[in-house]
Amino acid sequence: MGLKTHKFFLRILLIFVIFPSSLFRLEHNTTMTTKAMERGFKLILGSQSMARKRILAEMGYDYTIVTADIDEKAIRTEKPEDLVVALAEAKANEIISKLGGESQFAKDPQPTLLITADTVVVYKGVIREKPTTKEEAREFIKGYSGSHGGVVGSVLVRNLKTGVKKGGWDKAEVYFHEIPEQVIDGLIDDAITYKVAGGLTLEHPLISPFIDSVVGGVDTVMGLPKELTEKFINDVLL
């Protein structure tokens with residue numbers, strides 16, 4: 001086995017040793033799932049993202065999931081900040097319509113909060129959403145090698161009982177070491193690459209060893225800025 005190959009497999013092994021297994025699966029902590037109930041509201045997460053599910057659970061919230069069926073490609077803006085906000089809003093509107101409208105919640109004794117979010121990667125000024133082909137995924141990941149990509153993520157919290165909503169966005173930057181070709185090959189063969197913005201997921205055991213640094217919140221990169229989410233939850237309950 002060559003030295004480079006040995007180092008590659010050693011780095012992969014280390015990522016499993018150093019990071020807890022909860023990085024790679026959703027842990028359900030029963031001591032942390034009563035926060036919403038204790039504060040007197042119900043919570044809906046408008047996303048199937050495993051990362052967003054885990055982040056919300058880490059924040060201490062129990063929730064139900066209702067997803068939006070929208071054509072994200074039909075919503076276009078020039079600025080990535082405007083795009084992620086518009087997509088989070090569109091997701092919320094579609095979910096509310098699916099649930100029968102906000103009037104269904106007006107007489108509930110407890111408010112129901114709906115959280116939607118969206119994330120894009122910005123590379124050299126170009127917005128990158130989920131890759132749709134292997135060629136596009138390879139282009140995306142090769143571009144990050146020895147370089148960096150920006151992440152813009154939004155969150156929208158809507159009180160379905162009162163109609164009050166608060167939303168905004170956050171940014172982060174991810175810097176990468178050189179990414180070997182065999183790693184790129186492995187990533188483009190993994191279905192998860194096509195489910196995340198820019199084909200970029202920090203947790204993937206193949207890519208984790210080649211992340212140099214993250215400037216900004218890791219939670220923003222993963223799809224749900226914790227600080228903004230908590231702030232907006234508090235704001236819509238006032």
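Both I188 and V121 are part of a single hydrophobic cluster, where members link through side-chain heavy atoms under 4.5 Å apart. Follow the hydrophobic side-chain contacts under 4.5 Å out from I95 and you reach L160 in the same cluster. In this structure, I55 is a member of the same hydrophobic cluster as V157, with clusters built from ILVMFWY side-chain heavy atoms closer than 4.5 Å. L99 and L45 are members of different hydrophobic clusters when ILVMFWY side chains are connected at heavy-atom separations under 4.5 Å. Under the 4.5 Å side-chain contact rule for hydrophobic residues, W169 and L83 share a cluster.
With hydrogens and angles ignored, the 3.5 Å screen pairs no side-chain donor or acceptor of Y63 with any backbone N or O of L56.
Atom-to-atom distance recorded for L187:CG and I141:CD1 is 4.5 Å, nearest 0.5 angstrom. The CD1 atom of I96 sits 4.5 Å away from the CD atom of E102 when rounded to the nearest 0.5 Å. Between K166 atom NZ and L156 atom CG the span is 11.0 Å, to the nearest 0.5 Å. Interatomic distance, OG1 of T116 versus CG of N93, reported as 8.5 Å (0.5 Å rounding). Here I115 contributes atom CD1 and I65 contributes atom CD1; the two are 11.5 Å apart, rounded to the nearest 0.5 Å. Within the model, atoms CG of N159 and CZ of F232 stand 14.5 Å from one another, a figure rounded to the nearest 0.5 Å.
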Query - Worked check of side chain to side chain donor-acceptor pair (under 3.5 Å) between E178 and S145 - result: CA-CA 5 Å; E178 295 291 335; S145 182; 3.0 Å; yes

Report task. Carefully, step by step, assess K91 and E72 under the rule side-chain contact (heavy atoms from CB on, under 4.5 Å). Result -> CA-CA 9 Å; K91 291 175 184 178; E72 296 189 15; 3.6 Å; yes

Query - side-chain contact (heavy atoms from CB on, under 4.5 Å) between I211 and L202, intermediate numbers included - result: CA-CA 8 Å; I211 294 172; L202 298 188; 3.4 Å; yes

Report task. Apply side-chain contact (heavy atoms from CB on, under 4.5 Å) to the pair Q110 and R39, showing each step before the final yes or no. Result -> CA-CA 10 Å; Q110 289 185 324; R39 295 179 62 185; over 6 Å; no

Report task. With salt bridge (Lys or Arg N to Asp or Glu O under 4.0 Å) as the test, would you mind laying out the steps for D62 and K42 before giving the verdict? Result -> CA-CA 8 Å; D62 202 2; K42 300 173 185 177; over 6 Å; no

Query raised in the report: Run the side-chain contact (heavy atoms from CB on, under 4.5 Å) check on F140 and T193 step by step: do they pass?
Result: CA-CA 10 Å; F140 283 5; T193 298; over 6 Å; no

Report task. Mind running ring pair (Phe, Tyr, Trp, His ring centres under 6.0 Å) on Y144 and F176 for me, showing each step along the way? Result -> CA-CA 6 Å; Y144 305 139; F176 295 86; 5.4 Å; yes

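Looking at every heavy atom in both residues, K161 comes nearest to K107 through NZ-C, 4.1 Å. Across S154 and A117, no two heavy atoms sit closer than the pair O-CB, 3.1 Å. The shortest heavy-atom contact between P131 and G198 is CD-C, 4.2 Å. The nearest pair of heavy atoms linking V120 to P80 is CG2-CB, 3.9 Å. G46 approaches L114 most closely through the heavy-atom pair N-CD1, 4.2 Å.
Side chains of T64 and L43 form no contact here, defined as non-hydrogen atoms less than 4.5 Å apart. Two residues are said to be in side-chain contact when any heavy atoms from C-beta on lie closer than 4.5 Å; R138 and I184 meet this criterion. Side-chain atoms of P111 and L237, non-hydrogen and from C-beta on, do get closer than 4.5 Å to each other. You'll find the side chain of M222 reaches within 4.5 Å of the side chain of R54, heavy atoms only. Side chains of T132 and Y194 form no contact here, defined as non-hydrogen atoms less than 4.5 Å apart. Inter-residue side-chain proximity for F105 and D108 is flagged as met; some heavy-atom pair is nearer than 4.5 Å. Two residues are said to be in side-chain contact when any heavy atoms from C-beta on lie closer than 4.5 Å; L113 and I233 meet this criterion. Taking the side chain as every heavy atom from C-beta outward, V151 and K171 never approach each other to under 4.5 Å.
Other residues, nucleotides and ligands contribute only 12 or fewer heavy atoms inside 6.0 Å of the NZ atom of K195. The 12-atom threshold is exceeded at NZ of K226, counting heavy atoms of other residues, nucleotides or ligands nearer than 6.0 Å. Within a 6.0 Å radius of CD in Q104, other residues, nucleotides and ligands contribute more than 12 heavy atoms.
Side chains of E230 and Y61: a donor-acceptor N/O pair is present below 3.5 angstrom, by distance only. Under the 3.5 Å distance criterion, with hydrogens and angles disregarded, a donor-acceptor pair is assigned to the side chains of T220 and D170. Side-chain atoms of K53 and Q48 include a donor-acceptor pair closer than 3.5 Å.
Shown are E129, R52, K130; of these, the side chain to side chain donor-acceptor pair (under 3.5 Å) with T119 is made only by R52. The only member of D219, V155, N234 that meets side chain to side chain contact (heavy atoms under 4.5 Å, CB included) when paired with T229 is V155.
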